[in-house]
Engineer: 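This is the structure I have questions about; it appears just below.
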Amino acid sequence: MSNKETQKAYTVEDFFEAMGTDISLKIVLEKEITKDRGIELKSKVREIFEENEKIFSRFRDDSELLKLNKQLNGKVLVSSPMLEVLLLCQKFHLISKGYFDPRVIENLKKIGYEKDFKKDRPSSKERLIHLQKIAEPLSEDLEIFSKEKSVIIKKAIDTTGIVKGHTVDLVSKFLLGEGIGSFIIDAGGDMFAQGLNQDGVAWKIGIEGLSDESFLLGITDEGIATSGISRKRWMVGKKTFHHLINPKNPTEFSCDLKTVTVIEEKTVEADGRAKSLFLMGKEDGLKFANDNNIKALFLDYEENIYLSEKIKTNLV
């Protein structure tokens with residue numbers, strides 16, 4: 001077989017909107033598949049995102065999340081996907097020492113983030129805003145009975161902080177189950193890259209805010225997630241707000257960091273850690289990342305890059 005033939009790759013691509021962001025899919029194949037097979041794969045990927053949006057959206061009146069938040073203090077049966085995500089919320093709350101907290105939803109509403117940001121930005125009208133610190137452990141407001149598939153919540157929760165990453169992992173699981181060995185799925189910066197790209201090398205990932213010529217990360221069989229404030233940032237009067245609220249100190253909306261990017265075995269694991277590290281701030285976050293062997297990259301608004309030791313193995 002000639003070099004030209006060995007280098008040839010067939011691709012299936014799709015682009016669509018879901019969960020308030022842009023989704024892209026690229027599948028790399030060794031041999032061409034039928035048009036119907038390509039349509040089938042793309043349709044199933046879209047269906048996975050649509051199903052999770054119906055379950056976890058806080059902007060849809062018919063979502064399971066909104067129904068759950070209307071049944072405070074009572075034991076409620078939940079779907080298997082909801083149970084899995086709530087268990088992940090508890091996990092990230094514990095390992096982040098409280099920086100990851102789904103109970104920030106009430107504070108998000110107070111600063112105006114009540115609708116899909118892509119369609120309706122929060123009002124900039126000046127007003128008094130009183131934000132509440134969350135001091136109690138999540139376990140006091142979220143009891144999970146796994147065997148019964150039921151929960152008791154005492155304060156409203158927002159699971160959207162990790163749902164995109166979780167959905168990306170579900171797509172990856174589906175594609176692997178279909179025998180697809182090389183692909184990348186990207187949900188607004190939350191990605192999973194499997195196998196090799198069309199050139200037969202690790203997938204090269206750019207960092208938002210940096211040119212691809214200046215900086216790239218290489219990943220294969222890994223998830224990567226970026227958390228930042230460049231897209232969801234607004235003014236109320238003369239004060240700047242953003243969607244990443246520190247539950248320990250909700251009145252402080254730090255704008256020193258632009259983004260934090262994390263690489264993990266699963267995208268949801270990267271997603272939960274990226275948000276937590278951002279809220280910790282550059283110094284504490286970088287120390288936490290190094291102490292816990294997390295692949296992390298911190299980017300500030302002056303385009304200074306700070307790397308944990310472990311992520312250096314992914315530098316291109």
Engineer: Does K75 have more than 12 heavy atoms from other residues, nucleotides or ligands lying within 6.0 Å of its NZ?
Structural biologist: yes
Engineer: Should F49 and V45 be marked as a side-chain contact (heavy atoms from CB on, under 4.5 Å) after you check the CA-CA gap, both sets of side-chain angles, and the distance that decides it?
Structural biologist: CA-CA 7 Å; F49 275 96; V45 169; 4.2 Å; yes
Engineer: Any salt bridge between E50 and K54, counting N to O under 4.0 Å?
Structural biologist: no
Engineer: So, the side chain of E53 versus the backbone of M19: is there a donor-acceptor pair under 3.5 Å, distance only?
Structural biologist: yes
Engineer: Let's go through N52 and V85 carefully: what are the C-alpha distance in whole Å and the side-chain angles of both, what is the deciding distance for side-chain contact (heavy atoms from CB on, under 4.5 Å) to 0.1 Å, and is it a yes or a no?
Structural biologist: CA-CA 11 Å; N52 265 13; V85 167; over 6 Å; no
Engineer: Could you measure the distance from the CG atom of L279 to the CG atom of N246? Nearest 0.5 Å is fine.
Structural biologist: 5.5 Å
Engineer: Do the side chain of D221 and the main chain of G195 share a donor and acceptor less than 3.5 angstrom apart?
Structural biologist: yes
Engineer: What's the verdict on side-chain contact (heavy atoms from CB on, under 4.5 Å) for Y10 and V12, showing C-alpha distance, side-chain angles and the deciding distance?
Structural biologist: CA-CA 7 Å; Y10 299 93; V12 173; over 6 Å; no
Engineer: Is the count of non-hydrogen atoms from other residues, nucleotides or ligands lying under 6.0 Å from K110 atom NZ greater than 12?
Structural biologist: yes
Engineer: Could you measure the distance from the SG atom of C89 to the CD1 atom of I144? Nearest 0.5 Å is fine.
Structural biologist: 8.0 Å
Engineer: Does Q90 use its side chain to pair, donor to acceptor, with the backbone of L142 at less than 3.5 Å?
Structural biologist: yes
Engineer: How long is the span from the CG atom in D101 to the OG atom in S276, to the nearest 0.5 Å?
Structural biologist: 10.0 Å
Engineer: Is a side-chain donor or acceptor of N197 paired with a backbone partner of D199 at a separation under 3.5 angstrom?
Structural biologist: yes
Engineer: Report the residue from T226, L277, L297 that forms a side-chain contact (heavy atoms from CB on, under 4.5 Å) with V260.
Structural biologist: L277
Engineer: Just to verify, which of T159, N69, I157, T160 counts as forming a side-chain contact (heavy atoms from CB on, under 4.5 Å) with I105?
Structural biologist: N69
Engineer: Is a side-chain N or O of T313 found less than 3.5 angstrom from the main chain of K310, in a donor-acceptor match?
Structural biologist: yes
Engineer: Work out which heavy atom in F92 is nearest to a heavy atom in V268; give both atom names and the distance.
Structural biologist: CZ-O, 3.3 Å
Engineer: Output yes when R103 and E106 qualify as a salt bridge under the 4.0 Å nitrogen-oxygen rule, no when they do not.
Structural biologist: no
Engineer: How long is the gap from OG on S79 to CD on E84, to the nearest 0.5 Å?
Structural biologist: 10.0 Å
Engineer: If we ignore hydrogens and angles and just use 3.5 Å, is the side chain of S63 paired with the main-chain N or O of F56 as donor and acceptor?
Structural biologist: no
Engineer: Compare every heavy atom of E222 with every heavy atom of N314, then report the nearest pair and how far apart it is.
Structural biologist: ND2-OE1, 3.1 Å
Engineer: Do L170 and V163 sit in the same hydrophobic cluster, where Ile, Leu, Val, Met, Phe, Trp and Tyr count as joined when their side-chain heavy atoms come under 4.5 Å apart?
Structural biologist: yes
Engineer: May I ask you to decide whether E178 forms a salt bridge with R37, counting only side-chain N to carboxylate O separations under 4.0 Å?
Structural biologist: yes
Engineer: Hydrophobic clustering (ILVMFWY, side-chain heavy atoms < 4.5 Å, transitive) - are F100 and I134 grouped together?
Structural biologist: no
Engineer: Between T11 and K26, do the side chains contain an N or O donor and an N or O acceptor separated by less than 3.5 Å?
Structural biologist: no
Engineer: Can R46 and D14 be counted as an ion pair, charged N to O under 4.0 angstrom?
Structural biologist: yes
Engineer: Quick one: does S182's side chain have a donor or acceptor within less than 3.5 Å of a partner on V28's backbone?
Structural biologist: no
Engineer: So I245 and I111, side-chain contact (heavy atoms from CB on, under 4.5 Å) or not? Walk me through it.
Structural biologist: CA-CA 10 Å; I245 296 181; I111 62 175; 3.8 Å; yes
Engineer: May I ask you to say whether K275 pairs ionically with D271, meaning some side-chain N is under 4.0 Å from a carboxylate O?
Structural biologist: yes
Engineer: Quick one: does any side-chain atom of D300 pair with a main-chain N or O of E302 as donor and acceptor, under 3.5 Å?
Structural biologist: yes
Engineer: Check step by step if salt bridge (charged side-chain N to carboxylate O under 4.0 Å, His left out) holds for K44 and E47.
Structural biologist: CA-CA 5 Å; K44 181 58 182 178; E47 182 182 317; 3.4 Å; yes
Engineer: Can D36 and T34 be counted as having a side-chain donor-acceptor contact under 3.5 angstrom?
Structural biologist: no
Engineer: How long is the gap from CD1 on I184 to CE on M191, to the nearest 0.5 Å?
Structural biologist: 6.0 Å
Engineer: What is the distance from atom CD of E264 to atom CD1 of I219, rounded to the nearest 0.5 Å?
Structural biologist: 12.0 Å
